[in-house]
Every structure is written in structure tokens, then in C-alpha cells.
Amino acid sequence: MSKKSIFSLLAILIVLGVYTYEHFLKEEEQVEIITEGKAVKNNTNEYFLPTSTTGQIVHHEGFSLSYSEPHEQAEWVAYELKKGHLTNTNFKRPYFEIDKAVKTGAASWRNYKNSGFDRGHLCPAGDRKYSQNAHDETFLTSNISPQVHDFNSGIWNTLEQKVRYWASKYDGVFVVTGGVLKGQMKTIGNEKVSVPNQFYKVLIDNNTGKTKMIAFLMPHENSSKPLYEFVVSVDEVEALTGIDFFPELDDTIENKLEASSSYKDWSFN
DNA sequence: CTGGCCGAC
DNA sequence: GTCGGCCAG
């Protein structure tokens with residue numbers, strides 16, 4: 001074989017290699033197919049996206065979010081927590097990182113340094129332990145909100161554990177969570193990250209045949225009250241935040257379920 | 001589980 | 001800047 005043909009062969013191999021590599025990268029990034037106002041994950045048919053009041057929705061492997069640039073945090077983070085997602089694996093805690101997928105620039109973790117506030121996960125690390133990547137993604141600053149430590153490790157943690165219990169019991173729930181980014185708020189850091197005065201969590205179970213919802217609204221302080229004392233209607237959270245949580249749902253079902261603040265279908269044992 | 005802080009490299 | 005170890009609710 002001549003030197004020239006060896007060179008040609010090498011060139012072809014390199015081009016082929018780069019092409020395969022880029023194709024692989026694209027497949028890694030494009031875990032989901034996005035249509036207007038709704039993300040249809042190809043591994044589930046139970047994925048609901050709320051509306052965005054900010055116009056900036058970002059998708060990751062383990063969750064989607066709507067980023068509020070003025071408040072330097074997500075107005076909501078949404079993800080499906082399936083029974084199969086729950087594992088005992090103990091991943092090492094990674095460092096918090098700025099989310100480069102947020103085009104307007106996600107907050108730096110430095111804002112939280114010496115602020116007296118926790119870097120509180122919206123999608124808990126404990127909900128994404130089915131893979132190293134999904135776990136580490138929860139440490140992106142787009143998934144973080146300033147939280148009082150006693151609240152974060154207290155009743156908010158209790159609620160997150162209850163969500164995992166329900167995910168196990170009902171074989172999966174869809175979760176939307178965030179701080180209420182309204183009214184007068186304290187801010188921290190150079191980027192003035194807002195400290196929400198309330199946090200909410202909205203759940204829908206569309207797996208067990210009969211669709212059911214529940215919503216929680218909590219003041220940003222620890223409490224020894226039982227969780228069901230914080231149950232409100234989805235309508236109330238929508239009125240407070242301006243977010244429409246389940247726009248794809250059949251209107252008749254949506255209106256009925258979102259108006260209810262009953263928690264009889266959810267086991268608090 | 002939820003986190004912070006501190007010192008070594 | 002990053003990592004490991006140790007601390008607390």
C-alpha cells in the first residue's frame with residue numbers, strides 16, 4: 001500500500017471517529033423530545049410540564065426546570081419519581097456547579113457562601129440515586145434555593161421522604177417543586193439570590209388508574225406540625241405563583257382535582 | 001436523609 | 001479550585 005493511500009485511510013478513519021463521537025454526544029444530550037409546552041420523555045408517558053412564567057425552560061436527564069433570572073433560581077423543578085428510581089446507593093457528594101444550560105447565566109454557588117442559608121435542593125439528591133449522572137445533576141445551581149437549615153433538614157426533609165414513600169407505594173409520582181418567588185424577599189450574595197418566604201410541592205399520581213393530586217405550601221421555617229396541616233389545593237399554589245401546573249390534563253379532570261384540598265387519597269402513615 | 005466547615009493538595 | 005474528613009439537625 002502506498003503512503004498516499006495509507007494517509008487517505010487514516011483521514012477517513014478520523015472523520016468517521018469524529019462523526020461517531022458527535023453523534024454519541026447528541027444522543028446523550030437529547031434524552032427527551034420536546035414539544036410545545038410539554039416534554040415527552042421517551043422512557044415514560046407520565047411526564048407533565050407546568051407552564052413557564054419566565055420563558056426559560058431547561059431540560060436535564062433527571063429533571064426539567066423553569067429558571068427565573070431576576071430571582072437567580074428555578075421557579076419550578078419537575079421530575080417523575082418512579083418506584084424503580086429508589087435505591088440505596090451512596091454516591092459521593094459532588095461540588096455544586098453553575099448550570100451552563102441556563103442561557104441567562106445560573107447563579108454561582110458563591111452567593112450561598114457564608115450566607116447562613118443552605119444550598120437547598122429542589123429536586124432532592126435522594127430522588128436521583130439511580131445513576132451517578134442523575135445524582136450529580138441535582139447539584140447544579142439551577143436546582144438550588146436558599147433554605148434555612150432547620151427547615152431544610154426538618155419538615156422539608158420530612159416531606160421529601162414522604163414523597164419517596166408515596167412513589168414507592170403508588171409506583172411513581174410526578175413532582176413539581178419550588179419556592180414562591182413573589183413579594184418582598186431577602187436576597188443573598190452578589191447576584192442577589194432571592195430567599196423565598198414559602199416553598200411548595202405539587203404531586204400528581206397518574207399511574208394507579210384514578211388520577212390524584214396533592215399540594216403542599218409551607219412557610220420558610222421549621223415546624224413540628226404534621227405534614228397534612230400544610231395541604232392546600234393546586235389552585236391556591238397556582239394563584240400564588242402564576243404557574244399552571246398540569247395544562248395537558250383533560251380540563252374537566254384538571255379543574256376538579258386542582259380545586260380540591262382533600263388528602264384522603266394519600267396515605268400519611 | 002438534609003447539609004456546612006475546614007485544612008491539605 | 002477540589003477533595004476528603006468530620007460535624008450537626
Side-chain angles (χ1 to χ4, degrees), chain A residues 62-63 65 72-74 76-100 105-170 172-173 175-180 186-191 193-201 203 216-230 266-269:
Chain A
F63 57 88
L65 65 99
E72 287 294 3
Q73 64 195 276
W76 53 255
V77 169
Y79 59 98
E80 188 184 27
L81 181 57
K82 295 187 184 188
K83 189 175 186 174
H85 288 151
L86 302 169
T87 73
N88 290 325
T89 48
N90 223 349
F91 292 116
K92 188 182 65 177
R93 286 173 69 86
Y95 209 71
F96 287 92
E97 273 185 37
I98 297 171
D99 187 349
K100 289 172 183 157
S108 163
W109 54 269
R110 295 176 191 279
N111 294 291
Y112 293 76
K113 187 90 174 170
N114 299 321
S115 71
F117 290 88
D118 276 11
R119 302 157 173 96
H121 282 75
L122 294 174
C123 174
D127 284 3
R128 305 283 83 158
K129 297 179 86 173
Y130 55 88
S131 83
Q132 180 83 59
N133 184 54
H135 172 263
D136 290 359
E137 271 181 351
T138 70
F139 287 79
L140 294 170
T141 55
S142 54
N143 184 46
I144 300 298
S145 178
Q147 288 183 330
V148 171
H149 183 70
D150 286 353
F151 171 76
N152 189 18
S153 66
I155 193 160
W156 189 249
N157 186 23
T158 305
L159 176 56
E160 289 174 339
Q161 293 183 39
K162 187 63 76 182
V163 171
R164 284 190 277 274
Y165 165 74
W166 284 325
S168 170
K169 186 181 180 68
Y170 305 132
V173 290
V175 187
V176 184
T177 192
V180 177
K186 179 188 167 67
T187 63
I188 58 168
N190 292 333
E191 291 177 286
V193 180
S194 299
V195 181
N197 297 309
Q198 294 165 292
F199 286 90
Y200 69 86
K201 210 176 270 290
L203 311 179
F216 294 85
L217 182 67
M218 290 184 169
H220 190 180
E221 61 189 13
N222 196 19
S223 170
S224 54
K225 289 182 188 170
L227 285 178
Y228 55 77
E229 299 247 354
F230 298 96
W266 298 79
S267 166
F268 278 85
N269 294 332

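All values below were derived from every heavy atom in this structure, side-chain atoms included, with hydrogens, water molecules and symmetry-related copies excluded. Throughout, protein chains are lettered first and strands after them, A, B, ... in sequence-line order, and every chain is numbered starting at 1.
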(Q) Just verifying a value: how many Å separate Trp156(A) CH2 and Asn222(A) CG, rounded to the nearest 0.5 Å? (A) 12.5 Å
**Q.** Reported NE2-to-CG distance for the pair His149(A) and Asn157(A), which is rounded to 0.5 angstrom
**A.** 9.5 Å
Base, sugar-phosphate, or nothing: which does [X] touch, judged by heavy atoms less than 4.0 Å apart?
X         : value
Gln147(A) : nothing
Asn90(A)  : sugar-phosphate
Lys113(A) : nothing

Angle between ring planes, [X] versus [Y], binned at 30° and 60°: parallel, tilted or perpendicular?
X         : Y         : result
Tyr130(A) : His85(A)  : parallel
His121(A) : Phe96(A)  : tilted
His220(A) : Phe117(A) : tilted
Trp166(A) : Phe268(A) : perpendicular

Q: For each nucleotide in nucleotides 1-9 of chain C, reading 5' to 3', give B when a protein heavy atom comes within less than 4.0 Å of its base, S when such contact involves only the sugar-phosphate, and - otherwise.
A: S--S----B
Tell me: [atom1] of [X] to [atom2] of [N], nearest whole Å?
X         : N      : atom1 : atom2 : answer
Leu227(A) : dC1(B) : CG    : P     : 19 Å
Phe96(A)  : dT2(B) : CZ    : P     : 10 Å
Asn114(A) : dG4(B) : CG    : C1'   : 10 Å
Lys201(A) : dT2(B) : NZ    : P     : 11 Å

(Q) Heavy-atom count check: over 12 atoms from other residues, nucleotides or ligands less than 6.0 Å from Glu191(A) CD? (A) yes
(Q) Below 4.0 angstrom, which residues in residues 117-126 of chain A have at least one non-hydrogen atom near DNA chain B? (A) Asp118(A), Arg119(A), Gly120(A), His121(A), Pro124(A), Ala125(A), Gly126(A)
Q.
According to salt bridge (Lys or Arg N to Asp or Glu O under 4.0 Å), who are the partners of Arg119(A), at least two apart in sequence or on a separate chain?
A. none
